[in-house]
Amino acid sequence: MSLTIITSDEKKFINTGTSDNWFSLVSTVDKRLKHCSKDISTAIDFLHSGECCTKDALKTAEQFNIIRTELSKLEPNQIVYDANKPNEEAPWKNNISPTVTSCADFYTTADGKDLLSEIINILTYAGTNGVSVELI
């Protein structure tokens with residue numbers, strides 16, 4: 001199943017790829033970025049709820065920059081497929097593209113763009129234009 005992040009004015013959207021891709025991002029942030037969870041709490045709320053109101057959009061975008069920076073410090077083999085089933089083998093197993101150099105650049109949209117950058121862009125748009133963002 002494919003997920004989409006869309007602004008309430010319906011002018012911007014991101015096809016995030018499969019729900020497994022999103023859940024892996026959530027799982028990786030939850031498990032690997034505990035050390036900075038207080039600094040990224042609004043972004044974590046968005047990852048879990050799929051909703052970001054206008055007043056939190058710019059703050060959430062800033063926190064996704066922190067997420068991207070922190071994930072860039074982690075090797076691709078540290079990606080968490082499913083936090084609820086830590087021993088479950090990921091569908092990609094050990095077959096990660098050599099162009100993926102960190103957890104930050106592992107996640108892409110359905111059309112191959114950097115997912116974290118796209119999330120930052122849509123949240124910045126939302127905050128600047130007074131709209132909210134929702135994952136559907």
Side-chain angles (χ1 to χ4, degrees):
M1 179 172 97
S2 184
L3 298 175
T4 301
I5 300 172
I6 190 165
T7 57
S8 57
D9 66 1
E10 299 182 357
K11 290 185 178 179
K12 300 281 184 186
F13 68 92
I14 305 166
N15 182 336
T16 67
T18 66
S19 56
D20 284 348
N21 189 44
W22 185 261
F23 192 63
S24 175
L25 174 59
V26 173
S27 294
T28 302
V29 169
D30 284 350
K31 293 296 183 187
R32 302 289 186 232
L33 301 186
K34 288 180 183 178
H35 65 281
C36 63
S37 61
K38 288 182 183 178
D39 297 328
I40 58 172
S41 59
T42 308
I44 290 172
D45 288 345
F46 173 65
L47 286 168
H48 285 276
S49 71
E51 297 177 353
C52 184
C53 64
T54 303
K55 72 175 184 64
D56 290 336
L58 291 175
K59 177 180 177 181
T60 306
E62 290 172 10
Q63 291 181 8
F64 266 94
N65 273 315
I66 295 169
I67 289 172
R68 182 174 48 192
T69 298
E70 292 301 312
L71 290 179
S72 72
K73 299 173 185 176
L74 302 175
E75 297 290 323
N77 63 356
Q78 293 185 280
I79 294 164
V80 178
Y81 175 58
D82 185 340
N84 298 323
K85 301 174 188 171
N87 296 325
E88 185 174 330
E89 195 168 281
W92 57 82
K93 298 179 186 169
N94 291 325
N95 190 19
I96 297 175
S97 169
T99 61
V100 175
T101 59
S102 72
C103 288
D105 60 9
F106 176 81
Y107 298 101
T108 59
T109 63
D111 59 352
K113 295 177 185 167
D114 178 272
L115 179 59
L116 295 173
S117 294
E118 291 297 304
I119 291 171
I120 292 164
N121 289 339
I122 201 168
L123 289 166
T124 301
Y125 171 86
T128 304
N129 291 281
V131 296
S132 60
V133 174
E134 181 179 13
L135 178 71
I136 54 173

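Tracing side-chain contacts under 4.5 Å through hydrophobic residues (I, L, V, M, F, W, Y), one reaches I5 starting from M1; they form part of the same cluster. In the hydrophobic clustering of this structure, V26 groups with L116; members are Ile, Leu, Val, Met, Phe, Trp, Tyr whose side-chain heavy atoms approach within less than 4.5 Å, directly or through other members.
Of the charged side-chain nitrogens involved, none lies within less than 4.0 Å of a carboxylate oxygen, so that E62 and K59 do not count as a salt-bridged pair.
T7 contributes atom OG1, which lies 10.0 Å from atom CZ of F13 (distance to the nearest 0.5 angstrom).
Between F46 and V133 the shortest side-chain heavy-atom distance falls below 4.5 Å. For the pair D105/T99, no side-chain contact is recorded, criterion being any heavy-atom separation below 4.5 Å from C-beta on. Using a 4.5 Å cut-off on side-chain heavy atoms (C-beta onward), Y81 and D20 make contact. Counting only heavy atoms from C-beta outward, the side chains of V29 and I40 approach each other to under 4.5 Å. When side chains are defined from C-beta on, L115 counts as touching I14, because their heavy atoms get closer than 4.5 Å. When side chains are defined from C-beta on, T128 counts as touching L58, because their heavy atoms get closer than 4.5 Å. Contact of the L47 side chain with the F64 side chain is registered, since non-hydrogen atoms from C-beta on lie closer than 4.5 Å.
By the 6.0 Å contact criterion, OH on Y125 is enclosed, its count of non-hydrogen atoms from other residues, nucleotides or ligands being greater than 12.
A pairwise comparison of heavy atoms in I119 and W22 identifies CD1-CZ3, 3.8 Å as the closest pair. Between P76 and S102 the shortest heavy-atom distance is CG-N, 3.7 Å. Closest heavy-atom contact between Q78 and C103: C-SG, 3.9 Å.
Of the candidates N21, D114, T28, T28 is the only one forming a side chain to side chain donor-acceptor pair (under 3.5 Å) with Y107.
In this view, S37 and I44 satisfy the side-chain contact (heavy atoms from CB on, under 4.5 Å) rule, not counting sequence neighbours.
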